[in-house]
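Worksheet: one structure, shown below.
Lettering follows sequence order; numbering is per chain, from 1.
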Number of protein chains: 2
Amino acid sequence: MHEDMSPETRLLRSTEALIYAHGINATGMDAIVKASGVSRKSLYRLYPTKEALITAALSRRDDRWMRWLIDGTSEGGAIQRLRAIFPMLREWFASPDFHGCAFINAAGEIGDPGSDIRAVSQQHKRRLLEYLNGLCGACGFSDHEEVARQLLILIDGATAVAMVTGQAGAADSAGRIAERLLQTPSPSDE
Amino acid sequence: MHEDMSPETRLLRSTEALIYAHGINATGMDAIVKASGVSRKSLYRLYPTKEALITAALSRRDDRWMRWLIDGTSEGGAIQRLRAIFPMLREWFASPDFHGCAFINAAGEIGDPGSDIRAVSQQHKRRLLEYLNGLCGACGFSDHEEVARQLLILIDGATAVAMVTGQAGAADSAGRIAERLLQTPSPSDE
DNA sequence: TCTAGAATAGAATGATCATTCTCCATCAGT
DNA sequence: ACTGATGGAGAATGATCATTCTATTCTAGA
């Protein structure tokens, strides 16, 4: 299986899949060695500890996930791009191996706030917020930073609810909220 | 420490605190025995497996959390009660040992969909949704079930974002979104 | 073909895991 | 005081953990 990739790629791919499916602590190095086909020696030469490997795998997932989001929202103006996020989420939630946001799961599992794993999760949310912020700015919203924060909450909320309840329709509900935010960016009354 | 409580209460209390702080898999039975002051024999007599103990501890947390929410939103009419949720969340997020939603964390950590732990997490979200649904119904919204689902997404989204980023202000952003949902329950245009 | 270096499979290590067992102290009923 | 059961502390068990080591195979260069 996948012998045509470099050992490092095979390693990160397998690690990413295993920890997403079973969690970080429940995934042993043995399982990673077996799934990746990379020897223990090579593994520890590339990444000296399990934490370093997990960090690298999550960082790779950050890249892939952001590219998936950006590529899937590449048509139309900024508002259309923001709108396109929620149907994408719906498809993701309905995919058979969906298990929530890997970064929320990782941060929730790791207690130590100084862990590199927590730092990667924070960085992922920063990157996502930055992307949303750029689009909201292009929409001309005066309070675009606040709108971006609100969209982040909608995305992560829908993801968490879909993971726990199994209902992909959470993406639709979040999309309907987003629709309101995008229609009238500043509260009209009050 | 807390010798005046029953062994079962001490056990569940310590278990709840430990798994919330460090995760399920990273919490050993040894740590639970030491923290609770309950002997191994009594522990395994009350709960025959770790999973049973964790399930009971999470179920207790479900009760406590829901009571915390309901008691904190007991003043005024239904709309005021819904509004009161978000300031409560803000305080919770800012508390020193805040570590996200224990049920999202648990579901994210446990891979097996048939696990009892996942069932408790689902039940908690059902309970929370039911409470929101009751309040939304009392508000007279025609689409009160949808509004309740949307509020659930806001609550869980703010909780997840606050956990990963450490910013308690996520509760304020979610509260501002909720304000809009409560002001104009049905989309006026489209 | 011969050899040095690198990568492999997998055993060894020592810690920790959940769970069970052993031994001892406590205590109620007679 | 004696007995029988109960619960406690903590050792034993056997599995699994992350990490290191060993012994073997492969490969590149002369």
Side-chain angles (χ1 to χ4, degrees), chain A residues 1-58 105-106 109-112 114-118 120, chain B residues 1-58 105-106 109-112 114-118 120:
Chain A
M1 184 200 314
H2 60 207
E3 292 88 358
D4 52 334
M5 296 185 300
S6 80
E8 181 155 14
T9 304
R10 275 183 290 155
L11 198 51
L12 293 179
R13 233 157 119 83
S14 300
T15 303
E16 201 190 311
L18 284 169
I19 67 174
Y20 184 62
H22 305 109
I24 293 172
N25 285 313
T27 299
M29 297 298 262
D30 212 49
I32 293 173
V33 164
K34 204 163 292 183
S36 66
V38 173
S39 74
R40 253 180 258 280
K41 200 164 225 168
S42 303
L43 190 164
Y44 278 98
R45 183 166 24 83
L46 290 163
Y47 302 101
T49 64
K50 184 183 182 181
E51 187 179 13
L53 173 61
I54 301 291
T55 301
L58 283 175
N105 294 352
E109 183 170 354
I110 301 300
D112 177 19
S115 158
D116 288 345
I117 292 169
R118 292 280 287 265
V120 175
Chain B
M1 188 198 313
H2 59 209
E3 292 87 358
D4 52 335
M5 297 186 299
S6 80
E8 181 154 15
T9 304
R10 276 183 288 157
L11 198 50
L12 294 178
R13 232 157 122 82
S14 300
T15 303
E16 201 191 311
L18 284 169
I19 67 174
Y20 183 63
H22 306 108
I24 293 171
N25 286 313
T27 300
M29 296 299 261
D30 212 49
I32 294 172
V33 164
K34 204 163 295 184
S36 67
V38 173
S39 75
R40 252 177 263 277
K41 201 169 228 173
S42 302
L43 190 163
Y44 279 97
R45 183 166 25 84
L46 290 164
Y47 302 101
T49 64
K50 183 182 182 182
E51 187 179 14
L53 172 62
I54 300 291
T55 300
L58 283 175
N105 295 351
E109 183 169 355
I110 301 299
D112 178 19
S115 158
D116 288 345
I117 292 169
R118 291 280 287 267
V120 174

May I have all residue pairs that pass salt bridge (charged side-chain N to carboxylate O under 4.0 Å, His left out) and include part of residues 48-57 of chain A, sequence neighbours excluded? none
Mind checking which nucleotides bracket the chain A contacts on DNA chain C, 5' to 3', with an atom under 4.0 Å from a heavy atom? C:dA7 to C:dA11
With sequence neighbours excluded, residues passing side-chain hydrogen bond (donor to acceptor under 3.5 Å, both in side chains) with A:Y44: none
Could you give the side-chain donor-acceptor pairs of residues 26-33 of chain B under 3.5 Å, partners two or more places apart or in another chain?
from, atom 1, to, atom 2, distance (Å)
B:T27, OG1, B:L18, O, 3.4
B:T27, OG1, B:G23, O, 2.7
B:D30, OD1, B:R40, NH1, 3.3
B:D30, OD1, B:R40, NH2, 3.0

Across all chains, not counting sequence neighbours, the salt bridge (Lys or Arg N to Asp or Glu O under 4.0 Å) partners of B:R45 are none
Suppose we screen for side-chain hydrogen bond (donor to acceptor under 3.5 Å, both in side chains). Which residues come up paired with B:N25, at least two apart in sequence or across chains? B:E109
Sorted by number, residues from residues 17-33 of chain B placing a heavy atom under 4.0 Å from DNA chain D are none
Go through the structure and list residues passing side-chain contact (heavy atoms from CB on, under 4.5 Å) with B:A17, not counting sequence neighbours. none
Are any non-hydrogen side-chain atoms of B:I19 and B:L58 less than 4.5 angstrom apart? yes
Restricting to side-chain contact (heavy atoms from CB on, under 4.5 Å), what partner residues turn up for B:A21, sequence neighbours left out? none
Residues that A:D112 engages under side-chain hydrogen bond (donor to acceptor under 3.5 Å, both in side chains), provided they are two or more places apart: none
Partners meeting side-chain contact (heavy atoms from CB on, under 4.5 Å) with B:P7 (sequence neighbours left out): B:R10, B:V38
Listed pairs, N/O of protein and of nucleotides 8-11 of chain D, under 3.5 Å:
from, atom 1, to, atom 2, distance (Å)
D:dG8, OP2, B:S39, OG, 2.8
D:dG8, OP2, B:S42, OG, 2.1
D:dG8, O6, B:K41, NZ, 2.6

